[in-house]
Amino acid sequence: MKHKMQLPLPLALLIENCRSSGEADAVIAACIRSKDFSSIMERTAEPTMAFVERVQLAEELHIDLEQALRSGYEFGFLHLNGLKKLLRFRFSLQAERDYSSVDDGVLGFELNEAAAIELQALIHRQWQLVQDGEADESGSRLFSIYLKREQHD
């Protein structure tokens, strides 16, 4: 199995925020290359994000964001607030509207199977996606996410 690139939280959220604009990855890659996000900024979930500063951080860390767009990535470390931003950027899910937030996770949100697989691939290092019920007639299922715990014997 091919391992996906691990991105630091600010860089992964930059990609997710850019994708929330609805633009294709090729357009986002062009914005990253030119460090000009003016064509997509207002359509993103978080238009006040420091887009250019995050691209500069990627350059300083020698991380190829365009490669991450092409090949996929996973979060290296993802705290609870980062998880909530991911849910908002990628799936348009809002805390307390679409799910409940607890200290070690989020509870009771709906996703279809493809979105659930996509989410688990992004967060699997620290978080466990758990299906809470059977699919409804639209194919959506109820899920919760819990922080993985160390197993003790």
Side-chain angles (χ1 to χ4, degrees), residues 1-130 140-149:
M1 183 175 141
K2 185 178 153 190
H3 291 297
K4 292 186 177 179
M5 181 184 300
Q6 282 184 36
L7 289 182
L9 182 62
L11 303 182
L13 289 179
L14 168 66
I15 290 174
E16 292 300 327
N17 193 31
C18 289
R19 283 180 166 162
S20 75
S21 71
E23 286 293 346
D25 285 351
V27 173
I28 295 168
C31 292
I32 290 169
R33 226 177 354 268
S34 67
K35 296 182 189 169
D36 180 4
F37 294 86
S38 59
S39 66
I40 66 168
M41 191 178 300
E42 291 306 315
R43 290 178 283 131
T44 64
E46 192 171 294
T48 59
M49 179 179 274
F51 294 88
V52 174
E53 289 84 352
R54 291 182 186 216
V55 172
Q56 290 169 336
L57 174 62
E59 289 172 352
E60 290 169 16
L61 297 173
H62 305 289
I63 294 173
D64 186 345
L65 291 175
E66 291 182 59
Q67 180 65 35
L69 278 169
R70 283 190 303 274
S71 302
Y73 66 91
E74 62 188 25
F75 285 81
F77 176 78
L78 182 62
H79 53 66
L80 183 59
N81 284 335
L83 176 63
K84 290 177 185 179
K85 280 191 176 199
L86 172 63
L87 292 173
R88 182 166 55 101
F89 292 171
R90 176 71 72 107
F91 305 104
S92 299
L93 296 171
Q94 294 280 347
E96 309 318 320
R97 180 190 76 190
D98 300 308
Y99 60 85
S100 300
S101 179
V102 293
D103 287 343
D104 62 350
V106 297
L107 310 174
F109 60 93
E110 285 187 28
L111 287 179
N112 63 37
E113 184 178 2
I117 291 167
E118 187 179 307
L119 177 59
Q120 183 61 36
L122 288 168
I123 67 171
H124 72 93
R125 299 180 62 75
Q126 288 176 263
W127 299 95
Q128 181 61 48
L129 181 66
V130 177
S140 289
R141 294 170 170 82
L142 205 58
F143 289 94
S144 294
I145 300 174
Y146 300 96
L147 188 61
K148 287 184 176 179
R149 304 250 182 239

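Computed from heavy atoms alone, side chains included, the values below leave out hydrogens, waters and symmetry copies.
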Please tell me if the side chains of [X] and [Y] come closer than 4.5 Å, counting only heavy atoms from C-beta onward.
X      : Y      : answer
Asp25  : Ile28  : yes
Gln126 : Phe75  : no
Leu86  : Leu119 : yes
Phe37  : Val55  : yes

Closest non-hydrogen atom pair, [X] against [Y]:
X     : Y     : answer
Arg97 : Ser92 : NH2-O, 2.9 Å
Gly82 : Leu9  : CA-CD1, 4.2 Å
Ile15 : Ala68 : CD1-CB, 3.9 Å

Mind checking side chain to side chain donor-acceptor pair (under 3.5 Å) for [X] and listing every partner two or more places apart, or none if nothing turns up?
X      : answer
Asp104 : Arg149
Gln56  : none
His124 : Glu74

Can you tell me how far [atom2] of [Y] sits from [atom1] of [X], rounded to the nearest 0.5 angstrom?
X      : Y     : atom1 : atom2 : result
Leu7   : Leu13 : CG    : CG    : 10.0 Å
Phe143 : Phe91 : CZ    : CZ    : 10.0 Å
Leu147 : His79 : CG    : NE2   : 12.5 Å
Glu59  : Asp64 : CD    : CG    : 10.5 Å
Leu122 : Arg90 : CG    : CZ    : 5.0 Å

Requested in this report: Could you give me the CA-CA distance, side-chain angles and deciding distance for Lys84 and Leu87, then say whether side chain to side chain contact (heavy atoms under 4.5 Å, CB included) is met?
Outcome: CA-CA 5 Å; Lys84 290 177 185 179; Leu87 292 173; 5.5 Å; no
Query - Full working for side chain to side chain contact (heavy atoms under 4.5 Å, CB included) between Leu129 and Tyr146 - result: CA-CA 7 Å; Leu129 181 66; Tyr146 300 96; over 6 Å; no
Would you mind writing out the side-chain donor-acceptor pairs for residues 110-117 within the sub-3.5 Å range, not counting sequence neighbours?
{"from": "Asn112", "atom 1": "OD1", "to": "Ala114", "atom 2": "N", "distance (Å)": "3.2"}
{"from": "Asn112", "atom 1": "OD1", "to": "Ala115", "atom 2": "N", "distance (Å)": "2.7"}

Requested in this report: Using modelled atom types only, decide if a donor and an acceptor are shared between the side chain of Asp98 and the backbone of Gln94 within a distance under 3.5 Å.
Outcome: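 Yes, the answer is positive, given that a donor and an acceptor are paired below the 3.5 Å cut-off.
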Requested in this report: Please answer whether the main-chain N or O of Gly108 pairs with a side-chain N or O of Ser144 as donor and acceptor at a distance below 3.5 Å.
Outcome: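 Yes, the answer is positive, given that a donor and an acceptor are paired below the 3.5 Å cut-off.
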Report task. Would you sort out whether Leu80 and Trp127 count as a side chain to side chain contact (heavy atoms under 4.5 Å, CB included), showing the intermediate values? Result -> CA-CA 10 Å; Leu80 183 59; Trp127 299 95; 4.0 Å; yes
Using residues 45-54 as the side-chain source, report each donor-acceptor pair under 3.5 Å to any protein atom, sequence neighbours left out, with the distance given to one decimal.
{"from": "Glu46", "atom 1": "OE1", "to": "Lys85", "atom 2": "NZ", "distance (Å)": "3.1"}
{"from": "Glu46", "atom 1": "OE1", "to": "Arg88", "atom 2": "NH2", "distance (Å)": "3.1"}
{"from": "Glu46", "atom 1": "OE2", "to": "Lys85", "atom 2": "NZ", "distance (Å)": "3.4"}
{"from": "Arg54", "atom 1": "NH1", "to": "Pro10", "atom 2": "O", "distance (Å)": "2.9"}

Query - Stepwise side chain to side chain contact (heavy atoms under 4.5 Å, CB included) check, Ile32 with Leu69 - result: CA-CA 11 Å; Ile32 290 169; Leu69 278 169; 3.9 Å; yes
Query raised in the report: For Ser21, what residues pass the side chain to side chain contact (heavy atoms under 4.5 Å, CB included) criterion, not counting sequence neighbours?
Result: Glu23, Ile40, Arg43, Thr44
